[in-house]
J.: 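Let me begin by handing over the structure; questions about it come next.
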There are 2 protein chains.
Amino acid sequence: MLSGTAEYALRAVVWLARQPDDQSVRASDLAESIGVPRNYLGKILHDLVRAGILESARGKNGGFRLATPPEELTLLRVVSSFDTIGVGAERRCLMGRPECDSSDPCPVHRRWQNASEAISRFFEETTVGDVLSDDRREGRSQADCRW
Amino acid sequence: MLSGTAEYALRAVVWLARQPDDQSVRASDLAESIGVPRNYLGKILHDLVRAGILESARGKNGGFRLATPPEELTLLRVVSSFDTIGVGAERRCLMGRPECDSSDPCPVHRRWQNASEAISRFFEETTVGDVLSDDRREGRSQADCRW
DNA sequence: CGATAACTTCATGTTAATATCTTATTATAC
DNA sequence: GTATAATAAGATATTAACATGAAGTTATCG
């Protein structure tokens, strides 16, 4: 469903969101924590900074942290820096037809619509804040996390 | 959502299902009809034969046609020859966690479940026969089809 | 100010998906 | 049975995703 890169980004953002007091985390530590290659994660984190999702600080005590309140950060915004999910008007046809909407549908259009809309809603409506709430409700802490 | 290859397979199967009297279609003609590179389609068709979804005949008047009644052929069976959709027990974690189920969920597990199940149901429950019914209901014929 | 710790950037390598080309192989028709 | 039309199969090319490595730049601390 998601590319490896988008998966990594999601892990990183969730991990940073769980950080108490918005503490910055160094790329190396983060890479080890979420099980992503150090150098590759560097690029991903930088992309997230350029997208305005994270902010970074150089030098001693530097690192990365969220630039946005978790409640306002949708999963769509996180993953769409890397993948084209295709929500709303940008929805891609399952069969790869260049034009495909209700007025000129591909053969599976009607039956795919339910699933397609469920996917869109998930990415558009779920925020990183929601994920943190779920965490708390299930009594999960950062220490429990493993990949 | 699907790989290019699985998309091509889906187009090919739907096209063949629409063929009157189970008539065979040559790979070259099929390739042109559905807009897929000739040689690449050859491989895909062969894979579908080995999966028992199509049958092929060589020599003059040869070609490919469905080996299964459309009503019994699910979209899952078609695409899973190429992609891992991850339905049922094989569902992949959205965040790439090796273990992720309701007893040990990843951070987004609960909220992703709805969409994930909608996807599974679509591929498991939709048959090629259903697609043909939709076609008829919408008064679409093979001639209308373009990619 | 100098050393160090960290992000930033660029160059390069690896792998899998996609696509093409060429040579078999096989069934049909005459 | 031979020619022909078609699939089957294997080798090779192209591209994008994934990953690594090394050098460059910037902020902080003593």
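Since the structure is predicted, the reported quantities are computational estimates derived from the model, not experimental observations. The chains referred to below are lettered A, B, ... by the order of the sequence lines, with proteins before strands, and numbering in each begins at 1.
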J.: Rounding to a whole Å, what distance do you find between B:K43:NZ and C:dC21:C1'?
T.: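 Atom-to-atom, B:K43 to C:dC21, this comes out as 11 Å.
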J.: Do B:R92 and B:T84 meet the criterion of a side-chain donor-acceptor pair at a distance under 3.5 Å?
T.: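 No, no side-chain donor-acceptor pair sits under 3.5 Å.
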J.: Take atom CD in B:E90; do more than 12 heavy atoms of anything else shown fall under 6.0 Å from it?
T.: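 Atom CD in B:E90 is not crowded, with 12 or fewer foreign heavy atoms closer than 6.0 Å.
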J.: Whole Å only: how far is the CG atom of A:L48 from the C1' atom of C:dT8?
T.: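 So the two atoms are 15 Å apart, to the nearest Å.
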J.: Any Lys/Arg nitrogen of A:D104 or A:R97 sitting under 4.0 Å from an Asp/Glu carboxylate oxygen of the other?
T.: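 Between A:R97 and A:D104 there is a salt bridge, with a charged N closer than 4.0 Å to a carboxylate O.
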J.: Whole angstroms only, please: what is the CD1-P distance between B:I34 and C:dA19?
T.: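 Atom CD1 in B:I34 sits about 12 Å away from atom P in C:dA19.
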J.: Nearest whole angstrom, please: distance from the P of C:dA19 to the CD1 of B:I44.
T.: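 After rounding, the gap between these two atoms is 8 Å.
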J.: Is there a path from A:V128 to A:V87 through hydrophobic residues (I, L, V, M, F, W, Y) whose side chains come within less than 4.5 Å of each other?
T.: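 Cluster IDs for A:V128 and A:V87 match.
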J.: Any donor and acceptor pair, going by atom type alone, linking the side chain of B:S133 with main-chain N or O of B:G129 inside 3.5 Å?
T.: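 Such a contact is found between B:S133 side chain and B:G129 backbone.
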J.: State whether B:E138 and A:R110 are salt-bridged, where the test is any N-O pair (Lys NZ or Arg NE/NH1/NH2 against Asp/Glu carboxylate O) under 4.0 Å.
T.: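 Salt bridge: yes.
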J.: Between C:dT18 atom C1' and B:L41 atom CG, what is the distance in whole Å?
T.: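 Rounding to the nearest Å, CG of B:L41 and C1' of C:dT18 are 13 Å apart.
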J.: If you walk 5' to 3' along DNA chain D, what is the first nucleotide with an atom under 4.0 Å of a heavy atom in chain A, and what is the last?
T.: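 Here the contact window of chain A covers D:dC18 to D:dC29.
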J.: Send over the distance from B:F82 CZ to C:dT18 P, rounded to a whole Å.
T.: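 Spelled out: CZ on B:F82 to P on C:dT18 is 11 Å.
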J.: Looking across every strand, which nucleic acid part, if any, lies under 4.0 Å from A:Y8 by heavy atom: base, sugar-phosphate, or nothing?
T.: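 Sugar-phosphate contact only.
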J.: Regarding A:S120 and A:R91, do their side chains bring together a donor and an acceptor under 3.5 Å, going by distance alone?
T.: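 A:S120 vs A:R91: no donor-acceptor pair found between side chains.
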J.: Taking only N/O atoms, report every protein-nucleotides 4-7 of chain C pair under 3.5 Å with atom names and distance.
T.:
unit_1: C:dA6; atom_1: OP1; unit_2: A:R26; atom_2: NE; d: 3.3
unit_1: C:dA6; atom_1: OP1; unit_2: A:R26; atom_2: NH1; d: 3.0
unit_1: C:dA6; atom_1: OP2; unit_2: A:R26; atom_2: NH1; d: 2.9
unit_1: C:dC7; atom_1: OP1; unit_2: A:A27; atom_2: N; d: 2.7
unit_1: C:dC7; atom_1: O2; unit_2: A:R58; atom_2: NH1; d: 3.3

J.: Going by atom type alone, with no hydrogens or angles, which donor-acceptor pairs under 3.5 Å involve a side-chain atom of residues 37-52 of chain B and a protein atom two or more places apart or on another chain?
T.:
unit_1: B:R38; atom_1: NE; unit_2: B:S28; atom_2: OG; d: 3.0
unit_1: B:Y40; atom_1: OH; unit_2: B:T5; atom_2: OG1; d: 2.7
unit_1: B:D47; atom_1: OD1; unit_2: B:R50; atom_2: NH2; d: 3.0

